[in-house]
**Student:** 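I am attaching a structure below and will ask some questions about it afterwards.
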2 protein chains.
Amino acid sequence: MAQLAVDVTGRWHDGDVSDPAELLRSSGFRATPQRQMVLQVLREAGDRHLTADDVWRAVNQHYPSFNRSTTYRVLELFSAMGLVQQTRLGDGVAHFEAVDHPDRHHHLVCVRCGTVQNVPADVLREISVRLAERHSFHIGSVDLMIQGECAACRRAASVTRRA
Amino acid sequence: MAQLAVDVTGRWHDGDVSDPAELLRSSGFRATPQRQMVLQVLREAGDRHLTADDVWRAVNQHYPSFNRSTTYRVLELFSAMGLVQQTRLGDGVAHFEAVDHPDRHHHLVCVRCGTVQNVPADVLREISVRLAERHSFHIGSVDLMIQGECAACRRAASVTRRA
DNA sequence: TTATATGCAAAGATTTTGCACCGAT
DNA sequence: ATCGGTGCAAAATCTTTGCATATAA
């Protein structure tokens with residue numbers, strides 16, 4: 001995946017995250033219906049992480065001409081703007097969720113059954129800030145993934161497969 | 001990516017991580033040259049994370065019939081065995097590294113230039129153990145990725161693109 | 001008006017799968 | 001001799017790109 005195909009130089013939003021259209025314009029981008037609908041879908045999803053395809057299907061339902069490639073372009077833009085956080089859960093597909101706080105929750109992924117448990121992110125806040133300071137790094141998002149066996153699978157001691 | 005197509009039930013290694021062949025056999029798997037070479041390549045890479053393709057190219061050089069699909073199958077097995085950790089750098093490709101400690105280091109990924117800084121993982125040990133206990137989760141690997149802007153890019157305030 | 005963003009179609013990249021054969025045990 | 005593992009080839013999945021058109025500002 002190419003990173004930052006979009007030029008966001010000096011165009012980061014600094015304000016009103018509640019008004020998508022204004023947010024886009026104030027960052028120097030156009031408030032197209034596609035972009036607004038993508039953001040809405042992501043926000044309505046709450047802390048469920050959607051794949052690009054999930055997003056596409058949701059928007060496409062109300063807006064049939066909405067194209068897959070636009071999905072990727074919009075999601076890339078939002079990632080660059082810091083509106084959306086991209087998460088990888090080890091399943092080879094990118095997952096996206098709206099960012100309200102820079103770090104919302106993290107993931108325990110079971111390598112047996114693929115179940116994902118969310119855990120609140122505040123435990124990491126202090127540590128990640130300290131890390132960032134030490135490396136003069138400006139945090140966009142924090143993403144912790146712990147892989148292992150969930151309680152059920154440990155007990156079961158039997159293999160569960162995932163499609 | 002399908003998870004656990006391989007049956008690893010009750011066959012986790014408990015011992016001598018230094019002898020790849022014995023390690024595999026004691027876990028109930030066959031010690032094929034392909035598997036041993038993949039492990040060797042990953043171990044020689046130290047803390048550089050290799051993509052599946054990197055691994056394939058390295059092994060293929062000494063073993064021309066070595067096939068890409070075998071690469072994926074072996075890496076999946078090693079992940080399930082906990083020998084190899086899959087890390088995410090936000091570039092859409094899976095990266096792998098040999099695991100000696102359950103958590104070795106984590107990553108600060110610059111969304112501008114793609115630079116990756118490694119940071120020692122011990123800061124997270126306590127927290128991840130606590131999290132795992134709370135969720136009755138058996139930790140296989142811990143993977144923290146912080147995305148944002150590196151010091152250089154913040155200063156530059158100009159966009160750097162990545163191929 | 002005009003540069004940005006989208007739709008479309010095609011290609012690219014990565015990963016998975018079915019099947020016949022091979023080889024570690 | 002078995003059955004697990006590999007090679008091969010093909011497909012599936014996910015994502016990116018070029019270009020003409022549409023549209024937000």
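In what follows, every chain begins at residue 1, and chains take the letters A, B, ... in the order their sequences are listed. For clarity, every value in this text was computed on a predicted model and none was experimentally measured.
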**Student:** For a quick test of reading the model, state the closest non-hydrogen atom pair linking F66(A) to T71(A) and the distance between them.
**Tutor:** CE2-OG1, 3.2 Å
**Student:** Here's a test of your reading of the structure: between A52(B) and R25(B), which maps to the more 5' nucleotide of DNA chain C?
**Tutor:** A52(B)
**Student:** How many Å lie between CZ on F29(B) and P on dT25(C), as a whole number?
**Tutor:** 13 Å
**Student:** Any side-chain heavy atom of T87(B) within less than 4.5 Å of one from H107(B)?
**Tutor:** yes
**Student:** Let me have a per-nucleotide readout for nucleotides 6-13 of chain C, 5' to 3', with B, S or -, counting only protein heavy atoms under 4.0 Å.
**Tutor:** BBBB----
**Student:** Using whole Å, report how far CZ of R30(B) lies from P of dG4(D).
**Tutor:** 7 Å
**Student:** Nearest-Å distance, CG (L77(B)) to C1' (dT16(C))?
**Tutor:** 16 Å
**Student:** Output the rounded distance in Å from OH (Y72(B)) to P (dT6(D)).
**Tutor:** 16 Å
**Student:** W56(B) CH2 to dT16(C) P: how many Å, rounded?
**Tutor:** 17 Å
**Student:** Got L124(A) and L144(A) here, is their nearest side-chain heavy-atom distance under 4.5 Å?
**Tutor:** yes
**Student:** What's the CD-C1' distance between E76(A) and dT17(D), to the nearest Å?
**Tutor:** 12 Å
**Student:** Rounded to the nearest angstrom, tell me the gap between atom CZ in R68(A) and atom C1' in dT13(D).
**Tutor:** 10 Å
**Student:** Please step through side-chain hydrogen bond (donor to acceptor under 3.5 Å, both in side chains) for the pair E44(A) and Q40(A), ending with a clear verdict.
**Tutor:** CA-CA 6 Å; E44(A) 283 172 356; Q40(A) 188 189 336; 3.0 Å; yes
**Student:** Side-chain contact test, heavy atoms from C-beta onward, threshold under 4.5 Å: evaluate it for L108(A) versus V119(A) and give yes or no.
**Tutor:** yes
**Student:** Check the orientation of H49(B) and H105(B). Use parallel for under 30°, tilted for 30 to 60°, and perpendicular for over 60°.
**Tutor:** tilted
**Student:** Taking atom C1' of dT25(C) as reference, at what distance in whole Å does atom CD of E22(B) sit?
**Tutor:** 13 Å
